[in-house]
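For reference, positions follow the sequence shown, starting with 1. Because the structure is a prediction, the values reported are computed rather than measured.
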Amino acid sequence: RPRIYLDHAATSPLRPEAKAAMGEGFALWANPSSPHAEGRRAKQALEDARARVKAALGWDGEVIFTSGASEALWIALNRAKVDRRIVGAVEHDAVFRAAPDAEVVPIADMMAEPERKALDMALVKPGKAMVAIQSVNSETGTELIMPGGDHTQEIVDRVREAGGLFLCDCSQSAGKRRIPDVDMAVVSAHKFGGPIGIGALLVRDYAMLEPMGGHERGYRQGTENMPAALGFAAALEAGGQRSWATDTLQRIDLRDRLRDVGEPLIFGPQRSYICAVAHPTMSAQAQLIRLDSMGFAVSAGSACSSGTLKKSRVLNAFGVPDDVAARTIRVSMGWSTTPEELEAFAEAWCSLS
């Protein structure tokens, strides 16, 4: 039977609308920064894609196209006009690579009062701070920053009152949820059916960043990837979760089915399209091998770290015991996932022994 892909948190299959839009972009082919007619046509297409991305995301600030989320995070964390950086303990590895000297606060649940106090204590230290907290965790599906949520606005207001900037990594929520009211946000196109190799840094005001020269109004170096920008816009316009083949209840039903045998890891508010589940006896690596041979593609965490035998830093920050973490895999769904695929996976996983 056809293989079943359940690793959308790593990358989602390219939507046909995005593929078609990229084909139109490749037909233009010129460098958008060139002054001749060919370059101007490419530039017009690029700016049209920028406006469409802003409209689709409901963002009224600026959009800087990047090569993906990692570069967007690097620009935000290294070019923002701040003196220091504060990051949550469960952030993606790309955050720690971009800001290796950042102050780490034990944030795994923004609704928990101890963790809010830890952030408050970090904010009162001298120097303007950039606070980086993700919207949805890529390994567990935990929602830390909710668009329009009262507790989210309270946290953002605390940071702003302290004179700081709030950066939200929306790689796992953009195209599925609204962008929260923050100063900067990171988007990755290939997480919702756009092309690999393009993302964006959303910024309220260019004045928040130090320019570095080059392209994108001088805030990014490297030739603009216009065909991918068109694919990015088309994937967003193709629809959010309402256009998916499964609905929220069907995805929650999968988690309930897995609970019959294993232990889904839930830490507060949870998005239904990412599920971390621990098998009662089998190691994660053994599960991946068995499931792969049965025709299922899943992972043991984020793609950048799933090949290592070390305990996940994220699961450790969430307080997951070592033996449970060693038996935990991640199942993630997207626009092309069908109810039949979820049923087949539940049956296969529950049969593992």
Side-chain angles (χ1 to χ4, degrees), residues 12 14-76 79-81 167-171 173-176 178-240 243:
S12 210
L14 187 67
R15 281 183 177 266
E17 298 89 345
K19 183 177 181 179
M22 292 177 70
E24 296 173 7
F26 288 130
L28 295 173
W29 60 261
N31 190 321
S33 295
S34 297
H36 44 61
E38 291 82 358
R40 293 197 302 273
R41 281 196 294 272
K43 181 71 168 180
Q44 183 177 1
L46 179 72
E47 294 309 315
D48 178 66
R50 195 188 313 276
R52 291 163 58 197
V53 166
K54 288 176 63 173
L57 292 173
W59 182 255
D60 58 5
E62 308 295 345
V63 172
I64 300 171
F65 284 127
T66 65
S67 62
S70 292
E71 185 190 10
L73 287 166
W74 189 94
I75 293 172
R79 305 303 299 179
K81 295 178 180 178
L167 166 67
C168 189
D169 180 1
C170 296
S171 298
S173 62
K176 309 176 185 80
R178 284 194 304 110
I179 302 295
D181 177 23
V182 292
D183 300 300
M184 300 185 198
V186 168
V187 179
S188 177
H190 72 101
K191 305 296 187 181
F192 52 77
I196 290 174
I198 191 161
L201 173 62
L202 312 183
V203 57
R204 286 289 174 200
D205 191 330
Y206 284 132
M208 295 176 174
L209 297 171
E210 290 283 358
M212 66 177 74
H215 302 285
E216 292 296 288
R217 277 76 168 175
Y219 292 92
R220 182 204 178 234
Q221 301 181 44
T223 301
E224 302 98 328
N225 190 347
M226 179 269 293
L230 293 178
F232 186 171
L236 281 173
E237 292 169 344
S243 71

Atom [atom1] of [X] and atom [atom2] of [Y]: how far apart are they, to the nearest 0.5 Å?
{"X": "Ile179", "Y": "Ser173", "atom1": "CD1", "atom2": "OG", "result": "5.5 Å"}
{"X": "Gln221", "Y": "Thr66", "atom1": "CD", "atom2": "OG1", "result": "13.5 Å"}
{"X": "Arg41", "Y": "Leu46", "atom1": "CZ", "atom2": "CG", "result": "15.0 Å"}
{"X": "His215", "Y": "Asn31", "atom1": "NE2", "atom2": "CG", "result": "6.0 Å"}

Checklist entry - Going by heavy atoms in the side chains, are Cys168 and Met184 under 4.5 Å from each other? => result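 No - every pair of side-chain heavy atoms lies 4.5 Å or more apart.
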
Next on the checklist: Ring-plane angle category for Tyr219 and Tyr206, please: parallel below 30°, perpendicular beyond 60°, tilted otherwise.
Outcome noted: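 Parallel: the ring planes of Tyr219 and Tyr206 meet at under 30°.
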
Does any N or O in the side chain of [X] come within less than 3.5 Å of the main-chain N or O of [Y], such that one atom is a donor and the other an acceptor?
{"X": "Asn225", "Y": "Ala228", "value": "yes"}
{"X": "Arg79", "Y": "Pro211", "value": "yes"}
{"X": "Arg178", "Y": "Leu57", "value": "no"}
{"X": "Glu62", "Y": "Val203", "value": "no"}

For the student: nearest non-hydrogen atoms of [X] and [Y], plus distance:
{"X": "Gly194", "Y": "Ala18", "value": "CA-CB, 4.4 Å"}
{"X": "Gly240", "Y": "Arg15", "value": "O-NH2, 4.3 Å"}
{"X": "Ala56", "Y": "Leu236", "value": "CB-CB, 3.8 Å"}

Checklist entry - Are the charged groups of Lys81 and Asp205 less than 4.0 angstrom apart, N to O? => result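 Here Lys81 does not pair with Asp205 in a salt bridge, since their nearest N and O are not under 4.0 Å apart.
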
Next on the checklist: So that I can tick it off, tell me whether Arg217 and Glu47 are bridged by a salt bridge, with the cut-off set at under 4.0 angstrom between side-chain N and carboxylate O.
Outcome noted: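 The answer is yes: the pair qualifies as a salt bridge.
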
Next on the checklist: I'd like to know whether Phe65 forms a side chain to side chain contact (heavy atoms under 4.5 Å, CB included) with Glu216, so could you lay out the CA-CA distance, the side-chain angles of the two residues, the decisive distance to 0.1 Å, and finally the verdict.
Outcome noted: CA-CA 7 Å; Phe65 284 127; Glu216 292 296 288; 3.6 Å; yes

